[in-house]
Every structure is written in C-alpha cells, then in structure tokens.
Number of protein chains: 2
Amino acid sequence: MDKLTSMNVFVRVAKAGSFAGAAKDLDISRAMATKHIMQLESELNTRLFNRTTRSLSLTEAGEAYLERCQQVLLDVAEMESAITHLQTEPRGTLKILAPPVIGASHISPGLTEYLKNYPDLSVEMVLKGGQVDLIDEGVDLAIYLGQLNDTSLVARKLASSSLVVCASPEYLKNHGIPQDPEDLEDHSCLINWAIPPRNKWRFKGILGERTVTVTGRMQANMADPIRNAAVNGLGLIMLPRYIVGRDIEQGRLQVVMEQYGIAPLEIYAVYPHRKYLSAKVRSFLEFIQAWLPHRIGMNP
Amino acid sequence: MDKLTSMNVFVRVAKAGSFAGAAKDLDISRAMATKHIMQLESELNTRLFNRTTRSLSLTEAGEAYLERCQQVLLDVAEMESAITHLQTEPRGTLKILAPPVIGASHISPGLTEYLKNYPDLSVEMVLKGGQVDLIDEGVDLAIYLGQLNDTSLVARKLASSSLVVCASPEYLKNHGIPQDPEDLEDHSCLINWAIPPRNKWRFKGILGERTVTVTGRMQANMADPIRNAAVNGLGLIMLPRYIVGRDIEQGRLQVVMEQYGIAPLEIYAVYPHRKYLSAKVRSFLEFIQAWLPHRIGMNP
DNA sequence: TTTATTGTTTCTTAACTTTATACAATTTAT
DNA sequence: ATAAATTGTATAAAGTTAAGAAACAATAAA
C-alpha cells in the first residue's frame with residue numbers, strides 16, 4: 001500500500017472530519033479509507049484518530065503527523081512538477097558532440113540560432129572526431145557521419161551531402177586528370193579517416209560498383225588539414241561538398257570523375273534512447289532537422 | 001509499488017553507481033531494482049539514468065530528482081521517528097477527567113507525584129461528574145465510579161472503597177438510629193447522584209440482598225455538599241470511606257448499620273482504546289494503579 | 001419506531017509484487 | 001583467445017496484496 005497515498009488519505013480524513021467524506025472526495029470506498037489509516041497506524045504503532053462510529057478527533061500524535069504529512073506531500077508534488085517541467089520545457093545544459101568541421105561550420109551556427117528561443121538553456125559543445133562513448137561522457141546528442149554500429153543508440157538522419165573527388169588545378173596539371181577509379185592508385189590520395197571507411201573509396205559507374213584502396217602523402221582525423229593540403233597541391237581528396245564547395249566555386253579545387261556516382265555522406269543525429277527523450281534533446285533535434293538540410297544543400 | 005521505497009532504491013542506485021550494487025545493499029533482486037527505477041521513470045515521464053549494461057550515469061533530471069529525493073526521505077524518516085517517539089516517551093499533554101471529590105483529594109496528588117518523573121509532560125485536569133463523551137472532549141483518561149456501560153471504552157479497575165451509611169451524632173439523637181434498611185424510608189437520605197444508581201441503596205444482610213429506594217432533603221451531583229449537609233445534621237448519607245473516613249474518626253459523623261454489607265464502590269480508569277495506547281496514558285495508568293490503592297485504603 | 005449514516009469487518013476477485021530463470025552485452029580471468 | 005563472470009533487462013509463474021461489495025453494529029435523525 002503506497003504510503004504517500006495513505007498519507008494523502010489521512011490528510012483528507014483529517015480535513016473532512018470523517019472517513020466517509022474523505023472517501024467521497026478521493027473517490028474510494030469507505031473501507032479503503034479505513035484501511036489506509038489503519039495501515040499508517042500500525043506502521044507508526046500509534047493511534048492517529050480517536051474515533052467511534054459517530055465522532056472523530058485527532059490524537060496528539062495525529063495532530064503532529066498531520067502537519068508534517070502535509071509538508072511532505074507538498075514537497076513531493078513540488079518535486080515531481082519540477083522534474084516533469086524539466087521534461088517539458090527545454091532547460092538546463094545540452095551537451096552536444098560533433099565532428100570538428102561540420103560542428104564548427106554548420107552545427108554551431110544552428111545552435112546559436114536555436115538558443116535564442118530558450119533562455120533557460122545553455123549548451124556545451126564538444127568537437128571531436130572518432131568514436132566516443134556518449135553515455136560515459138554524458139553527451140545528450142551527437143552528430144555522426146556515416147553509419148553507426150552501436151545498437152544501444154538511436155540514430156536519426158539529418159541530411160546527406162554528396163562526396164566529390166577533387167584536387168587543385170596545379171596538381172592536376174602536374175599529375176594528370178584521373179578518368180577512372182583505377183587511375184587513383186597512381187595518385188596521391190589524402191585521407192580523412194574521420195569518415196569511414198578509412199582508406200577505401202567506393203564508386204558506382206556504368207559497370208557497377210568499384211572500390212579502390214587509396215594511399216597518399218597525408219592522413220588526418222579531421223577534414224580541415226586534408227582540404228588545406230589539397231588546395232596546396234598535395235593530392236586528391238574525397239570530401240563532402242559542404243566542405244569543399246566554396247573552394248570549387250572559387251577555383252582553388254577542381255572536381256574530377258564527376259561521371260561516377262559516389263554514395264553521399266550521411267549525417268546523423270545520435271542519442272542514447274528513444275523513450276523519455278528530454279525536452280532539450282527533442283526540441284533541438286526537431287530544430288536541427290529542419291535547419292541543417294538547407295545549409296548542407298541537400299535534403300535528408 | 002510504494003513510491004517512497006522506489007525513491008529509496010533510486011537514491012541507493014545513484015550512490016552505488018550500479019543496480020546490482022544497490023540491490024545487494026537493499027537485499028532485493030536486480031530485477032526489482034530495475035523495476036523500481038522504471039516505475040519512477042514512467043511516473044515522471046523522465047529518464048533518470050543513462051545506462052547500458054556496463055555504464056550508468058544520472059541524467060540532468062536524475063540529478064535534480066536525487067537531491068530532492070534524499071530530502072524527502074530524510075523528512076519522512078524524521079517525521080516517523082518523531083511520532084514513534086511520542087508513542088514511546090511520555091510527553092505532550094495528558095488530559096484527565098475525574099469526579100470532583102476523588103479528583104481533588106486523591107488523583108491530583110498522585111498526578112503531582114507522577115509529573116515529577118516526566119519533565120516533557122503536562123496535564124490538563126477536568127473535574128466533572130456525570131457522563132462525558134471522552135472522545136469528543138479529547139480526554140485521554142477518565143476516572144469513573146461504579147460500572148460503565150460504554151462498550152467502546154476500556155475500563156481498568158484501580159481500587160475499591162467500602163461504602164458506609166452515616167449521619168451526624170446530633171441527627172441520630174434527634175431521629176433515632178436506623179437498624180434495618182427498611183428503617184431508612186422514614187429518614188432523610190441525602191443523595192449523591194454522581195454515584196449510580198442514584199436513589200437506590202443496596203444492602204446485603206443475613207437474609208439476602210435488599211434494595212431500598214431512599215428520599216431526602218438534598219440531592220447533588222457531587223459528594224462534597226452532601227457530606228457537608230450530613231455533618232450539619234441534615235440526614236443520612238451513603239458515601240465511600242475515603243470521603244467520610246476522617247469525619248468518622250473525628251466524630252463528626254457516625255456509622256450506622258455496620259452489620260449490613262454494602263457492595264463497595266469500584267473505582268475505574270477508563271480510556272478510549274486498548275491498541276496503540278500512547279505512552280503518556282500507559283505510564284500514568286501503571287503509576288496510578290500502583291499508587292491509588294494505598295491512599296484509598298483497600299486493594300483493587 | 002423507522003430510516004439513514006457512520007466506521008469497520010469479511011470475503012472474493014483482480015491486480016500487483018516478487019522471485020526464478022533466461023538472455024544479450026560486456027568485462028575479467030585464465 | 002577462450003571461458004567464466006557480471007551487468008541490466010525480459011518474461012512467466014507464484015505469492016501477496018489491494019480493492020470493492022456486501023454485511024454489520026452503533027448511532028443519529030426523522
């Protein structure tokens with residue numbers, strides 16, 4: 001028998017001045033009202049009411065109990081509403097993890113925008129590549145590139161960005177323009193191993209899929225150094241268009257093998273569980289899902 | 001499922017940092033620990049722990065809940081111990097009701113003695129004859145004379161005092177000394193109707209029981225005026241020896257018809273219930289039960 | 001008197017709690 | 001590297017309890 005319920009019954013009986021009245025208020029049977037009080041009395045080993053069939057009065061212990069009961073019940077109600085409120089209104093701290101480049105270039109502008117709507121919310125952003133244990137680190141939501149293989153996490157697709165192979169015009173002039181995936185084996189391919197699979201580039205041509213194992217003069221766990229190296233003529237890169245788009249527009253990089261299709265890079269939001277999703281995560285998720293595709297340039 | 005129990009489980013899990021550890025502490029199964037937490041989470045609609053099989057961390061809501069839970073649990077424990085203590089140690093206010101004469105002459109000296117042992121206890125004494133609703137008046141314990149016919153009350157015999165019929169020597173000289181119960185019909189018999197049955201005096205002689213209906217020049221609901229009147233020669237009285245004892249010793253009153261037996265007046269302590277008897281009532285009961293018979297002059 | 005209402009008791013059914021057992025995931029030990 | 005142990009959870013069976021209906025004794029009002 002739930003003690004808090006019994007305490008509530010006790011308070012109502014004391015207020016109503018009768019078991020029957022309280023029972024009606026609480027929509028329970030008179031029998032249950034009796035049982036709740038008797039339960040409390042037996043647990044406390046104390047008589048709470050002096051009662052006969054027709055008259056009812058609190059004992060001294062009952063008076064003392066009543067006062068404290070009310071306080072406890074109030075506290076519990078206040079507590080639950082506070083917790084529920086935390087669940088309903090975005091507030092507190094939202095800890096986000098994202099790969100450095102997209103985090104800095106695309107997620108953080110979105111965050112800034114988002115935060116304007118929720119004055120009680122603050123954000124902690126961690127820019128880090130590679131696999132991270134979200135739960136250990138207390139991360140609320142992470143941005144992942146490519147697919148995910150942790151079954152305990154929930155992934156939601158946010159957007160996708162086409163991958164392009166490109167190099168600086170200078171490099172292409174010196175080493176020739178590759179026409180076929182196989183040609184890549186003779187080139188310097190700069191590898192960003194933040195995007196899996198590390199050193200395999202996969203193309204879809206007229207003759208089906210072809211996977212090439214590439215090597216090159218530079219590897220990094222971040223896209224930025226790779227992009228820089230390519231702009232400076234160190235080799236070919238395969239990076240999402242949202243990173244190299246401007247370089248291409250402005251002629252610093254030049255796309256090659258456009259006739260081949262490359263499976264686009266998928267961008268996912270990832271979070272620990274789907275039930276009881278906190279308001280801050282839920283609402284940011286909705287926001288970024290609407291916001292990101294426009295900035296990436298493609299729909300999810 | 002008792003919410004306070006669940007809250008306790010929650011606190012222990014948070015402290016132990018694992019369900020299994022908390023389960024061992026609380027001597028319940030791991031399964032139950034899980035269920036308690038799940039129950040809370042579903043009631044709050046909020047995830048309290050981020051957890052996988054191997055790692056556990058409080059959510060933001062969990063942190064907030066933990067703090068308040070501990071406070072509530074402490075409050076409840078404190079409250080219960082306070083109530084139980086009230087039940088174990090005599091303290092607070094003991095409300096006693098007694099017939100005026102015995103209350104003033106015998107009970108209140110006992111009370112004074114008794115109170116010395118319990119500095120946290122105070123007493124409210126009501127001297128009143130006749131039937132009183134103990135529960136309505138919030139009386140903890142009453143002293144009753146004669147038998148009781150309220151089934152909802154518990155009576156415990158404290159003492160008995162022999163009743164004697166007597167009058168002033170002056171009265172007896174003027175009206176003659178009654179030898180037989182029947183003689184009383186020609187006398188003025190002063191009636192104290194605080195002691196039932198009101199106007200019938202019952203004697204036990206060699207020839208069996210005899211009940212006489214008496215009348216007289218004065219009736220009162222208290223013994224004192226009756227005794228006074230008798231001392232002043234207004235008639236015969238039948239009062240317990242503890243009231244008229246001294247008057248007899250000092251010759252102000254003279255006993256008659258001593259050869260007849262009169263059922264002694266029984267003195268009872270009466271209280272509302274026998275279960276969960278509060279410490280103050282229980283201990284005073286014990287005290288007065290040991291104390292009173294000596295002062296009344298007869299054993300219970 | 002009859003009628004209605006009170007707090008309580010008894011009894012039965014429905015609901016819940018608890019345990020035992022199994023399982024998937026993951027870590028530690030050998 | 002394989003086996004053993006430990007974690008949180010799921011599921012089903014057993015055991016326990018809570019809930020309401022009906023009946024009851026006590027009392028008050030009509």
Side-chain angles (χ1 to χ4, degrees), chain A residues 1-10 12-14 16-43 47-59 62 131 133-136 149-153 272-276, chain B residues 1-6 8-10 12-14 16-43 47-59 62 131 133-136 148-153 272-276:
Chain A
M1 194 170 274
D2 188 288
K3 189 181 285 180
L4 288 170
T5 309
S6 298
M7 283 165 64
N8 189 41
V9 172
F10 167 72
R12 297 301 279 264
V13 170
S18 89
F19 282 62
K24 202 178 288 176
D25 288 358
L26 294 165
D27 205 38
I28 58 174
S29 61
R30 276 172 298 152
M32 279 315 297
T34 300
K35 285 185 197 160
H36 277 287
I37 303 304
M38 281 181 25
Q39 172 81 6
L40 286 178
E41 289 185 327
S42 103
E43 274 175 20
R47 192 89 170 182
L48 294 172
F49 291 110
N50 285 317
R51 53 190 183 276
T52 62
T53 343
R54 281 290 141 178
S55 71
L56 190 108
S57 71
L58 281 164
T59 61
Q131 293 289 67
D133 187 323
L134 296 193
I135 290 170
D136 269 0
N149 46 11
D150 188 330
T151 54
S152 74
L153 299 176
H273 34 70
R274 129 180 314 125
K275 212 177 175 187
Y276 311 128
Chain B
M1 195 171 276
D2 188 289
K3 190 181 285 180
L4 289 170
T5 308
S6 298
N8 190 40
V9 172
F10 167 72
R12 297 302 277 265
V13 170
S18 89
F19 282 62
K24 202 178 285 175
D25 288 358
L26 294 164
D27 207 36
I28 58 173
S29 61
R30 277 171 296 150
M32 278 316 296
T34 300
K35 287 194 191 147
H36 277 288
I37 303 304
M38 283 183 18
Q39 172 82 6
L40 286 178
E41 289 185 327
S42 101
E43 274 176 20
R47 191 90 170 183
L48 294 171
F49 291 111
N50 285 319
R51 51 191 184 275
T52 61
T53 339
R54 284 287 141 178
S55 72
L56 190 108
S57 72
L58 281 164
T59 61
Q131 294 289 68
D133 187 325
L134 297 194
I135 288 171
D136 268 0
L148 182 76
N149 46 11
D150 187 332
T151 54
S152 75
L153 300 176
H273 33 71
R274 129 181 312 128
K275 210 177 175 187
Y276 311 129

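Order of the sequence lines sets the chain letters (A, B, ...), proteins ahead of strands, with each chain counted from 1.
Protein atom CG of D2(B) is 19 Å distant from nucleotide atom P of dT16(D), rounded to whole Å. The nearest whole Å value for the distance from the CZ atom in R51(B) to the C1' atom in dT7(D) is 13 Å. Between the CD atom of Q39(A) and the P atom of dT16(D) there is a distance of 16 Å, given to the nearest Å. Straight-line distance from the CD atom of E41(A) to the C1' atom of dG7(C): 12 Å, rounded to whole Å. Counting to the nearest Å, the P atom of dA4(C) and the NZ atom of K24(A) are 15 Å from each other. The nearest whole Å value for the distance from the CG atom in N50(B) to the C1' atom in dG8(D) is 14 Å.
Exactly one residue among M1(A), E43(A), E41(A), K35(A) makes a side-chain contact (heavy atoms from CB on, under 4.5 Å) with S6(A). That residue is M1(A). Each of M32(B), Q39(B), M38(B) was checked for a side-chain contact (heavy atoms from CB on, under 4.5 Å) with H36(B), and the lone residue meeting it is M32(B).
The distance from the CZ atom of R51(A) to the OG1 atom of T59(A) is 9.5 Å, given to the nearest 0.5 Å. Here CG of N50(A) is found 8.5 Å from CG of L56(A). Values are rounded to the nearest 0.5 Å. To the nearest 0.5 angstrom, R30(B) atom CZ is 9.5 Å from K24(B) atom NZ.
For residues 28-38 of chain B, proximity to DNA chain D is found at R30(B), A31(B), T34(B), K35(B), M38(B), defined as any non-hydrogen atom under 4.0 angstrom from a strand atom.
When side chains are defined from C-beta on, L40(B) does not count as touching V9(B), because their heavy atoms never get closer than 4.5 Å.
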